[in-house]
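Some notes on the structure that comes next.
Each chain gets a letter, A, B and so on, in the order the sequences are listed, and its residues count up from 1. Below, all heavy atoms of this structure are taken into account, side chains as well, without hydrogens, waters or symmetry copies.
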Number of protein chains: 2
Amino acid sequence: MLNQIRIVMVNTTHSGNIGAAARAMKNMGLSRLYLVDPIAAVDEEAIQRSSRAEDILDNVVITATLEEAIADCGLVVGTSARSRSIPWPLMSPRQCADRAAQAAAADNEIAVVFGRESRGLTNEELHLCHAHVHIPTDEAFSSLNVAQAIQVLCYELRLASLPAENDSADEARWGVDWDYPMATHEQLNGMLQHMEKTLVEIGFLDPNTPKQLMSRMRRLFQRAAPDRMEINILRGMLVAVERTAERAHQKKGEED
Amino acid sequence: MLNQIRIVMVNTTHSGNIGAAARAMKNMGLSRLYLVDPIAAVDEEAIQRSSRAEDILDNVVITATLEEAIADCGLVVGTSARSRSIPWPLMSPRQCADRAAQAAAADNEIAVVFGRESRGLTNEELHLCHAHVHIPTDEAFSSLNVAQAIQVLCYELRLASLPAENDSADEARWGVDWDYPMATHEQLNGMLQHMEKTLVEIGFLDPNTPKQLMSRMRRLFQRAAPDRMEINILRGMLVAVERTAERAHQKKGEED
């Protein structure tokens with residue numbers, strides 16, 4: 001999908017933005033940068049800001065007009081603030097990425113068009129687009145740096161190009177790329193019982209008025225979902241505490 | 001939510017990145033920037049790249065250590081490439097934003113921590129974090145500019161702070177911020193019938209062998225879902241064509 005997408009920058013004035021855009025694109029797996037009537041050159045500043053995305057800069061396509069840059073595209077989306085003249089189909093970056101994915105699946109070339117640092121795209125340029133995309137911003141400060149806008153769109157395009165993943169926050173913790181298997185409930189429970197016993201031994205927990213202490217500890221450890229190594233470490237700690245308690249008892253015995 | 005979130009940059013070397021980060025934050029409605037042991041100063045370059053986000057720079061908090069910068073935070077998320085030493089809870093930017101929203105709803109301060117341009121965060125710094133966040137990138141080119149990484153996270157944080165919207169792509173076209181109501185089916189159908197009649201009149205459509213032409217036109221216009229002004233324009237065009245056809249007939253009549 002991503003190799004069917006071209007990023008089009010119109011009339012860019014700062015070469016640093018061209019370099020930063022190339023880097024942002026390459027980070028997200030895009031590679032095709034078009035410059036329409038650029039004011040800035042692909043110069044040392046651009047190369048320096050591209051930070052080893054020079055290959056993107058080497059392959060830049062420069063055109064005199066926007067029409068040339070998008071002529072063979074089945075989907076052209078232009079970045080825009082909210083409606084200028086007549087309203088135009090307007091998408092969020094996520095919707096834009098989904099639409100791009102559909103267009104790519106149907107073998108289309110896709111262009112996402114970004115305007116001038118000073119004033120974005122003109123109405124005429126916007127009217128060449130099938131639809132517009134607006135990056136949600138704070139209303140009081142809505143003008144993103146163009147390379148930053150490209151970063152956000154390329155990020156969403158990349159996400160749309162990846163196979164759908166289970167987005168559960170638990171995935172971030174469980175199993176995926178972890179180094180030990182989760183402790184079984186029996187192992188976890190054994191540790192908690194060991195903990196309770198140890199806390200009584202050291203006089204911290206009064207078995208007659210336990211209140212909710214062990215429930216809270218159970219809740220904490222079950223929420224943390226320890227793995228087997230963590231359980232082993234915790235049990236080792238509890239054994240060390242018990243041994244210390246034994247020595248204290250013996251000491252006390254000696255002193256009596 | 002967003003005013004409970006601080007962006008923390010550790011040991012930043014390029015002042016331009018500080019400025020660009022301030023702009024990216026302000027675009028997304030965040031305002032609290034912390035610099036831990038910065039190498040770069042908040043200088044002219046930073047101010048220039050912040051592009052009127054100077055208020056963010058004016059309010060920067062500078063600390064000597066990361067611990068100081070995050071001491072009062074209930075949630076600390078550090079940006080990371082995939083597991084370094086032992087695996088750590090790892091989230092995508094979207095998951096991170098959802099978790100931040102939950103933490104904010106429970107009145108916590110939240111820190112999102114970004115590392116050095118050259119080498120990100122150290123293992124020790126990463127181990128101070130409750131969880132890590134990884135921005136999905138192309139594997140072959142995974143190092144984002146730090147201000148770009150801040151842009152992506154702030155974008156996701158902003159989205160998570162907004163009321164849930166109907167994310168249907170149709171919303172982008174229907175009703176919301178449009179200037180005329182949609183044509184009713186009767187109006188649209190009337191236009192298509194008018195079109196068919198006109199196309200026959202001008203000899204384009206052969207009523208005896210119509211094939212699928214009008215079905216395709218119907219499909220196109222129904223897909224475009226015209227509004228009432230568009231229908232009026234189309235009907236006006238058809239009337240003009242009909243008048244032209246009449247004049248052509250009269251002319252022909254005169255010539256016979």
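For B:R158, the part lying near chain A is the side chain, with the backbone staying farther off; criterion is any non-hydrogen pair under 4.5 Å. Proximity to chain A (any heavy atom under 4.5 Å) is restricted, for B:L159, to the side chain, taken from C-beta onward. For chain A, the nearby part of B:R49 is the side chain; its heavy atoms alone come within less than 4.5 Å. The part of B:I135 that comes within reach of chain A is its side chain, from C-beta onward, which places non-hydrogen atoms under 4.5 angstrom from that chain. Heavy atoms of B:A131 lying under 4.5 Å from chain A are absent altogether. For chain A, no part of B:A140 is nearby; none of its heavy atoms comes within less than 4.5 Å.
Among all heavy-atom pairs drawn from A:N27 and B:L144, the shortest one is OD1-CA, 3.5 Å.
Inter-residue side-chain proximity for A:Q151 and B:Y155 is flagged as unmet; no heavy-atom pair is nearer than 4.5 Å. The shortest distance between side-chain heavy atoms of B:Q148 and A:M28 does not fall below 4.5 Å.
The local environment of CZ in B:R52 is sparse, with at most 12 non-hydrogen atoms from other residues, nucleotides or ligands closer than 6.0 Å.
Between chain B and the options A:L30, A:V152, A:D138, heavy-atom pairs under 4.5 Å are most frequent for A:D138.
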